[in-house]
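Here's the structure, in structure tokens; my notes come after.
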Amino acid sequence: MRVIKPGAVISDSRGSLVEIAKTGLWQQLNRVKTNRGAVRGNHYHKSNVELYYVLNGELKLHIRNLKTNEEAHYQFGEGDCFIVEPYEFHTLEHLTDGDYIVLFSEKFNTESPDLHKDEA
């Protein structure tokens with residue numbers, strides 16, 4: 001799991017531009033809206049990498065690396081960005097209503113999804 005810090009922030013009379021990520025090749029972009037109290041995830045991927053960018057709201061990320069058995073817990077809010085790597089069992093607990101963008105390194109395949117529920 002990697003936390004990403006935004007790059008340059010450029011502001012002028014028109015508004016602002018934030019460089020969110022300058023890494024990875026992304027095949028799919030999703031926007032996710034989630035209600036307070038909802039839980040998402042509870043799975044891992046064998047090859048897909050996910051990049052999350054929080055537009056608004058607050059969430060807790062519970063993550064366990066299945067190769068090293070290391071566990072970590074994070075709290076994220078507006079403007080935060082993080083990457084979930086393969087074999088990282090991840091659960092997102094939503095503390096408020098939330099809205100975020102998720103980029104996938106692979107297109108989601110409904111016939112053979114890289115989505116694994118068991119932790120072994």
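Quick caveat: nothing in here was measured; it's all calculated off a predicted structure.
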Sub-4.5 Å side-chain heavy-atom contact between Y100 and L59: yes
F104-Y44 co-clustered via ILVMFWY side chain contacts under 4.5 Å: no
OH-CD distance between Y53 and E78, expressed to the nearest 0.5 angstrom: 7.0 Å
Whether H45 and H43 hold their rings parallel, tilted or perpendicular, with breakpoints at 30° and 60°: perpendicular
Cluster check V39, M1: I/L/V/M/F/W/Y, side chain < 4.5 angstrom: no
Check: F82 ring centroid to Y74 ring centroid under 6.0 Å: no
In one Ile/Leu/Val/Met/Phe/Trp/Tyr side-chain cluster, 4.5 Å: L103, I20: yes
Any residue meeting side-chain contact (heavy atoms from CB on, under 4.5 Å) with K33, in chain and number order, not counting sequence neighbours: R31, D99
Side chain to side chain, E58 and F76, heavy atoms closer than 4.5 Å: no
Partners meeting side-chain contact (heavy atoms from CB on, under 4.5 Å) with S11 (sequence neighbours left out): V9, S16
Separation of Y87 OH from L66 CG (nearest 0.5 Å): 9.0 Å
Counterpart residues, side-chain contact (heavy atoms from CB on, under 4.5 Å), relative to P113 (two or more places apart): F108, L115
Donor-acceptor under 3.5 Å (N65 side chain, E70 main chain): no
Nearest-0.5 Å distance that lies between atom OH in Y52 and atom CD1 in I4: 12.5 Å
Verify same cluster id: V84, V102 (apolar side-chain graph, 4.5 Å): yes
Validation row: L29, I101 side chains within 4.5 angstrom (heavy atoms): yes
Non-neighbouring partners of D12 that pass side-chain contact (heavy atoms from CB on, under 4.5 Å), sequence neighbours left out: R14
Single-linkage hydrophobic cluster L61~I83, side-chain heavy atoms < 4.5 angstrom: no
Donor-acceptor contact below 3.5 Å, side chain N109 vs main chain S112: yes
Distance, nearest 0.5 Å, that separates NZ of K107 from CD of Q28: 8.5 Å
side-chain hydrogen bond (donor to acceptor under 3.5 Å, both in side chains), paired with H90, selected from E50, E85, R40, R64: E50
Least distance between heavy atoms, E106 atom then S47 atom: OE2-OG, 2.8 Å
Non-neighbouring partners of N48 that pass side chain to side chain donor-acceptor pair (under 3.5 Å), sequence neighbours left out: S105
Spacing of CG belonging to N56 relative to OG1 belonging to T96, to within rounding of 0.5 Å: 7.5 Å
Over all atoms of both residues, closest heavy-atom pair of V54 and G57: CG1-O, 3.8 Å
H62: side chain to side chain donor-acceptor pair (under 3.5 Å) partners, not counting sequence neighbours: H73, E93
